[in-house]
Chemist: 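What follows is a structure written as structure tokens; I'll ask about it next.
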Amino acid sequence: MLGKKIEKRINEQIQSEFYSSHFYLSMAAYCEEIDLSGFAHWMRVQSEEEREHAMKFFDYLNERGGRVFLEAIDKPPSSFKSPRDIFEQTLKHEQQVTKMIHRLYKTAKDENDYATEVELQWFIREQVEEEKAASDILEKLKMVQNAPGALLMIDRQLGSRERNP
Ligand SMILES: [Fe+2]
Ligand SMILES: [Fe+2]
């Protein structure tokens with residue numbers, strides 16, 4: 001049986017993962033608007049992955065006899081300045097999510113909830129990958145400084161992102 005405190009925190013995390021999904025979808029819409037379909041594809045895949053994160057917590061709560069309580073999802077930003085701006089925001093966002101996951105892990109430790117600790121290890125690892133992916137793309141974007149040719153090359157590369165199995 002899951003403790004009430006952990007249940008509450010996991011529900012907050014579910015809300016946060018759905019917010020992330022919304023946030024990336026909003027950036028996908030912006031990328032479509034400026035005709036960078038590869039960037040838009042990347043953002044859509046990211047949005048789907050965030051939804052999967054929410055569902056992973058959803059399933060976990062049910063497995064442990066907890067209860068899922070869905071909350072309202074905040075409105076994500078809808079105006080962005082440039083492809084570089086969206087990856088700056090992506091990196092900052094993922095760094096904040098990492099902090100949340102770490103806080104959740106600390107709570108699980110304090111509550112001696114070993115099963116939740118183990119479940120969270122996957123997310124800790126996932127955050128390392130997400131921060132790295134965002135930061136790699138951001139570095140490239142800084143390098144090319146909006147040169148159209150280079151931007152289109154990055155667009156093609158981002159367009160080939162595959163969904164995680
Ligand atoms: Fe996530
Ligand atoms: Fe994420």
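Atoms within a ligand are numbered from 1 in the order they appear, just like the ligands themselves. Keep in mind that the numbers below use all heavy atoms, side chains included, and drop hydrogens, waters and symmetry copies.
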Chemist: Can you list every ring-ring contact (aromatic ring centres under 6.0 Å, His included) pair that touches residues 105-155, not counting sequence neighbours?
Modeler: His53-Trp122, His53-Phe123, Phe57-Phe123

Chemist: Glu117 and Gln121: side-chain donor and acceptor closer than 3.5 Å?
Modeler: no

Chemist: Are any side-chain N or O atoms of Asn11 and backbone N or O atoms of Phe69, one a donor and one an acceptor, separated by less than 3.5 Å?
Modeler: yes

Chemist: How long is the gap from CD on Glu139 to CZ on Phe87, to the nearest 0.5 Å?
Modeler: 12.5 Å

Chemist: Is there a donor in the side chain of Thr90 and an acceptor in the side chain of Tyr24, or the other way round, less than 3.5 Å apart?
Modeler: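 No, because no side-chain N or O of Thr90 sits under 3.5 Å from a partner of the opposite role on Tyr24.
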
Chemist: If you measure from the Lys or Arg side-chain nitrogens to the Asp or Glu carboxylate oxygens, is any gap between Lys92 and Glu88 under 4.0 Å?
Modeler: no

Chemist: For a distance under 2.8 Å, give residue and atom name for each protein N, O or S atom next to the Fe ion (ligand 1).
Modeler: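 Result, waters dropped: Glu17 OE1, Glu50 OE1, His53 ND1.
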
